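One structure is given here, and the rest of the page talks about it.
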Amino acid sequence: METLTLQLDPERPQEDAIEWAASIIRGGGLVAFPTETVYGLGADATRESAIQKIFKAKDRPADNPLIVHVSDREMLSLVARNISREAEVLIERFWPGPLTLVLERKAEIARSVSAGLPTVAVRMPKNKVALELIRRSRVPIAAPSANRSGRPSPTSAAHVARDIGGRIDMILDAGRTTIGIESTVLDMTVSPPVILRPGWITREMLAGVLGKVENAASEEELRRSPGTRHRHYSPRARVVLIERASPQFIAGLLARFLESGPVGLISHTVVDIENPDLEKIVLEETAAAYARSIYSRLRELDEKNLSVIVVEGIDERGEGAAVMDRLRRAASEIIEGDG
Ligand code: AMP
Ligand code: MG
């Protein structure tokens with residue numbers, strides 16, 4: 001299959017391009033599109049055969065449910081039922097935005113979207129291309145991240161093409177995504193609500209509106225968000241995460257790894273080693289900087305066939321929690337460090 005890529009203006013997406021993409025969605029095809037978090041791989045959420053194509057293109061396990069994207073409050077009524085007062089308040093406050101709500105599903109939504117669960121995850125993205133595509137398609141769009149299953153989520157159209165080019169109908173390219181990591185997933189079918197996946201909308205922000213919010217702690221809770229069980233977001237190379245460490249500690253570790261081959265480093269600490277076998281990437285020590293570039297930097301280093309990629313963690317408070325969650329999932333090994 002040939003995958004068509006259309007370049008779009010992120011601020012004023014060309015109407016004819018959006019209409020073309022919408023006609024593919026309405027015809028049961030697959031279109032990758034940008035959201036404010038990462039690129040999504042979209043299909044008509046009400047059509048079982050279209051949803052099956054998503055699982056196939058991504059090699060996604062069938063027990064990993066998809067997030068449904070809507071363009072307005074009215075469309076939400078086609079997706080979910082018994083929407084609570086609390087959910088309405090969150091929608092008012094955080095949509096459009098990177099908050100996914102798990103609600104009771106409506107029968108109109110294709111079964112495999114929910115992977116057999118009685119619930120559905122839904123959000124309204126804050127991205128003009130995404131919103132226009134959904135609006136013109138006139139159906140809710142199920143869209144997981146547009147990467148090959150198990151690979152880091154795509155934050156550019158080039159990442160999508162590299163992973164699933166030739167397996168989907170179209171890619172809408174509107175540049176890099178702004179946030180860079182996936183949405184917060186909040187289960188609203190339990191009381192108090194439970195965060196199944198941390199994201200840019202933090203626990204503190206949710207608690208400020210709802211009062212009590214919990215983090216998924218138990219296995220039982222995580223079973224309700226099957227995707228969180230799978231190894232995720234990982235490049236091919238061995239990834240070693242250092243939670244907190246001094247420059248000396250990091251330098252010592254790198255020296256050891258360099259004995260067995262080329263090494264990549266993503267850090268906020270500037271490490272004083274010059275070695276042609278060491279690829280260094282320095283990021284600003286903020287959650288925003290890490291979120292925006294971590295997936296693309298992991299992909300970039302992974303193209304270089306390194307034996308190890310070392311990543312230095314950041315402070316876990318606020319949005320840092322979501323970044324550290326993704327880094328731990330990408331890591332094959334976690335080292336506490338001396339910090
Ligand atoms: P992705 O869009 O690839 O980031 O994956 C969506 C994630 O949302 C899945 O991995 C699940 O963990 C979560 N999710 C989707 N639907 C549900 C649901 N009905 N209940 C709980 N979690 C869900
Ligand atoms: Mg994903």
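Since the structure is predicted, the reported quantities are computational estimates derived from the model, not experimental observations. Whatever order the structure lists them in is the order used to number ligands and atoms, beginning at 1.
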Worked check of salt bridge (charged side-chain N to carboxylate O under 4.0 Å, His left out) between Glu132 and Arg12: CA-CA 10 Å; Glu132 277 303 295; Arg12 254 179 265 125; over 6 Å; no
Check against salt bridge (charged side-chain N to carboxylate O under 4.0 Å, His left out), Lys128 and Glu11: CA-CA 7 Å; Lys128 285 191 179 141; Glu11 287 312 312; 3.0 Å; yes
CA sep, side-chain torsions, deciding dist, call: Arg151, Asp59, salt bridge (charged side-chain N to carboxylate O under 4.0 Å, His left out): CA-CA 11 Å; Arg151 300 263 298 141; Asp59 294 325; over 6 Å; no
Ser145/Glu182 under side-chain hydrogen bond (donor to acceptor under 3.5 Å, both in side chains): CA gap, chis, key distance, verdict: CA-CA 8 Å; Ser145 51; Glu182 307 82 352; 5.2 Å; no
Criterion side-chain hydrogen bond (donor to acceptor under 3.5 Å, both in side chains) on Glu204 and Thr202, from CA distance to verdict: CA-CA 5 Å; Glu204 294 76 17; Thr202 63; 3.3 Å; yes
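Remark: among candidates Val68, Asn64, Val122, the nearest residue to atom 10 (O) of ligand 1 is Asn64, based on non-hydrogen atoms. When the heavy atoms of Gly40, Gly116, Pro65 are ranked by distance to atom 15 (C) of ligand 1, first place goes to Pro65.
In terms of polar-atom proximity, Ser145 is counted as a contact of ligand 1, with an N or O under 3.5 Å from an N or O of the ligand. Polar contact check, Glu182 against ligand 1: no nitrogen or oxygen pair lies under 3.5 Å apart.
In summary, the atoms of ligand 1 found under 4.0 Å from a heavy atom of Leu117, numbered by their order in the structure, are 18 (C), 19 (N), 20 (N). Heavy-atom contacts of Arg197 reach the following atoms of ligand 1: 1 (P), 4 (O), 5 (O), 7 (C) (cutoff under 4.0 Å). Here is the list of ligand 1 atoms found below 4.0 Å of a heavy atom in Leu66: 15 (C), 16 (N). Counting the atoms of ligand 1 from 1 in the order shown, those under 4.0 Å from a heavy atom of Ile67 are 2 (O), 6 (C), 8 (O). Of all atoms in ligand 1, listed by their number and element, those nearer than 4.0 Å to a heavy atom of Val102 are 20 (N), 21 (C). Each of the following atoms of ligand 1 lies closer than 4.0 Å to a heavy atom of Ala121: 15 (C), 16 (N), 17 (C), 19 (N). The distance from ligand 1 to the heavy atoms of Leu196 drops below 4.0 Å at these ligand atoms: 21 (C), 22 (N). Within the listing of ligand 1, atoms 18 (C), 19 (N), 20 (N) sit less than 4.0 angstrom from a heavy atom of Thr119.
Taking 2.8 Å as the criterion, Asn147 does not count as a coordinating residue of the Mg ion (ligand 2), since none of its N, O or S atoms falls below it.
Heavy-atom separations between Val113 and ligand 1 are all 4.0 Å or longer. Within the structure, ligand 1 has Arg60 among the residues with a heavy atom less than 4.0 angstrom away.
Looking at Arg123 and Thr37, their side chains come closer than 4.5 Å, going by heavy atoms from C-beta outward.
With salt bridges taken as basic N to acidic carboxylate O contacts below 4.0 Å, none links Glu92 and Arg73.
Among Val263, Leu265, Leu254, the single residue meeting the side-chain contact (heavy atoms from CB on, under 4.5 Å) criterion with Ile273 is Leu254. Each of Leu117, Leu186, Leu196 was compared with Val102 under the side-chain contact (heavy atoms from CB on, under 4.5 Å) criterion, and only Leu196 meets it.
Checked against side chain to side chain donor-acceptor pair (under 3.5 Å), Arg238 has the following partners two or more places apart in sequence or in another chain: Glu333.
With a heavy-atom cut-off of 4.0 Å, Pro144 touches ligand 1 through backbone and side chain alike.
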